[in-house]
Amino acid sequence: MILSESRSKRLLSEYQVGIPAGATAASEAEAIERARDLGCSRFVVKAQISAGGRGLAGGVSFSDSPEAAGKAAAQILGRRLVTEQTGPAGEVVRRVYVEEAVNIRDSLYLGIVIDQQTALPTLLGSAEGGVAFEQEAAVRPEILDRLALAPDCAYDDDAITGFLERIGLDGEPLSNARQLVIGCIQAFRKNDISLLEVNPLAVTDAGQTLAVDAKIVLDGNALFRHPEFEALSDDLWVDTAERTARDNEINLVRLKGNIGVITNGAGLGLATNDMIFDAGGLPANFMDIRTTATSFGIARGVDLLLAESDITVLLLNVHGGGMTVCDTVVEGLAFAYSRSKRRLPIVARLAGQNAPWARTILKDRRLPHEHFDTMSAAVSRAVSIASGRYR
Ligand code: GDP
Ligand code: MN
């Protein structure tokens, strides 16, 4: 779940991270008004989309008067912005952020991620922040410095100082940046953030440090601990399919493959996806039907998979038991097929409570399916269909 730039900055400012003054607007008139309220003489108008790379794609523009800021907003609003990070479809700009433009002396990069190898929250920093940072870091990884934090984000003061020195700071900017970094670390920990980026972290002519751009990705699985973010849902760019699934008691994570996976229980879901990989296939998603899901909710989950044109087969791996019984899942599947034109082949492995009954439903509703008694047989069949060996 990605927070908009404006929301990311507002959150960081609660942790004493300096940000330029700014406000969002959805029309030219609103942009003019926001700019007037700022009472400064130079403005930046920035497209609020979930992807970065806006600067190079015409999504960031500077103006010298509130009226000019309004014109800039009118040009960006409603446009489909294609950046290096949006993919070819781009993203439509529904809101802009109108900010006071600051004089940037140096542009640095600051990030906090959970390092996949060490599983530790890790600071990333570079003296070479700015719009070209990603491309630069891809070819010259040595421009990126790292500092691992403790699992609970505890840090060593001297280590932070050393890290900031290595990315070229000293004197007053260093002590300002230290406060900014510590604020970011606290925000990262308290809000279950999985990615936090400040790029550029600007050092101004006066030696202040400001988060001129910020991006926060929240850990969707921890959202239940943060009801405060639910209220901001219109400001969150949530994958709409994942969100629809969540509203229907299904945990869905979209992946890049072509095998649609329907399972109950997170453990079974992970194991199924591992088996698909081991058999040489690629899952299109992870799915965990929660015990509280109804057959109608499950139908909505299947709708989402049927709507994905990349998916060429559905793998149904269900172990009935506890509160989810096999027939509930298959009823949902049958309902989704009854209102869809797609007849995607289904490879099923049904076991546990009400499995025989569920198989009867698959037959009676004439769903295009094959059933296998073992997970490995079902997985290998799904993989062979997905790789085009289906007859
Ligand atoms: P991104 O391209 O999507 O990452 O958008 P950014 O918010 O990072 O803006 C792109 C670039 O515009 C930044 O790297 C800065 O160089 C520049 N920029 C943004 N805001 C300001 C500002 O207030 N003052 C100055 N001088 N440059 C800015
Ligand atoms: Mn940026």
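Note that ligands are numbered from 1 as they come in the structure, with each ligand's atoms numbered from 1 the same way. Note that the structure is a prediction, hence the values are computed from the model and not measured.
The shortest heavy-atom distance from P20 to ligand 1 is not under 4.0 Å. Note on ligand 1: G52 sits in its first shell, one or more heavy atoms being nearer than 4.0 Å.
Compare F62, F43, Y109 by their heavy atoms: the one nearest to atom 18 (N) of ligand 1 is in F62.
By the 3.5 Å distance cut-off applied to N or O atoms, G130 is not counted among the residues near ligand 1. Below 3.5 Å of separation, one finds an N or O of R54 facing an N or O of ligand 1. Polar contact check, N199 against ligand 1: a nitrogen or oxygen pair lies under 3.5 Å apart. Some N or O of K46 is nearer than 3.5 Å to an N or O of ligand 1, by distance alone. Residue-to-ligand polar distances keep R42 apart from ligand 1: every N/O pair is separated by 3.5 Å or more. Residue G55 has at least one N or O atom closer than 3.5 Å to an N or O atom of ligand 1.
Side-chain contact between R290 and R246: present, with at least one pair of heavy atoms (C-beta onward) separated by less than 4.5 Å. Contact annotation: the side chain of Y337 approaches that of L306 to within less than 4.5 Å [non-hydrogen atoms, C-beta and beyond]. Within the 4.5 Å cutoff, the side chain of V98 has no heavy atoms near those of the D37 side chain. The shortest side-chain heavy-atom distance between V330 and N354 does not fall under the 4.5 Å cut-off.
Residue P200 approaches ligand 1 through these ligand atoms, each under 4.0 Å from one of its heavy atoms: 8 (O), 13 (C), 14 (O). Atoms of ligand 1 lying under 4.0 Å from at least one heavy atom of V212, given by number and element, are 19 (C), 20 (N), 21 (C). Each of the atoms 1 (P), 4 (O), 5 (O), 6 (P), 7 (O), 8 (O) of ligand 1 lies under 4.0 Å from some heavy atom of D213.
Counting only heavy atoms of the protein, atom 24 (N) of ligand 1 lies nearest to V102 O, 2.7 Å. Protein heavy atom at the shortest distance from atom 9 (O) of ligand 1 is V60 CG2, 3.8 Å. Given atom 11 (C) of ligand 1, the protein heavy atom at minimum distance is V131 CG1, 3.6 Å.
No more than 12 heavy atoms of other residues, nucleotides or ligands lie within 6.0 Å of CZ in R94, so this atom counts as exposed by the packing criterion. No more than 12 heavy atoms of other residues, nucleotides or ligands lie within 6.0 Å of CD in E84, so this atom counts as exposed by the packing criterion.
The pair R146-D115 meets the salt-bridge criterion, with a side-chain N (NZ, NE, NH1 or NH2) lying under 4.0 Å from an Asp/Glu carboxylate O. A salt bridge does not link R34 with E99: every distance from a Lys NZ or Arg NE/NH1/NH2 to an Asp or Glu carboxylate oxygen is 4.0 Å or more.
Using a 30° and 60° split on the angle between ring planes, Y109 and F133 fall in the parallel class, below 30°.
The protein does not reach atom 16 (O) of ligand 1 closely, with no heavy atom under 4.0 angstrom from it.
In this structure, R339 satisfies the cation-pi test against F335, with its NZ or CZ atom closer than 6.0 Å to the six-membered ring centre and inside 45 degrees of the ring normal.
Counting just the N/O/S atoms of D213, the one with the shortest distance to the Mn ion (ligand 2) is named OD2.
The part of V44 lying near ligand 1 is the side chain, judged by heavy-atom distances below 4.0 Å.
Residues F188 and Y155 share a single hydrophobic cluster, defined by chaining ILVMFWY side chains whose heavy atoms lie under 4.5 Å apart.
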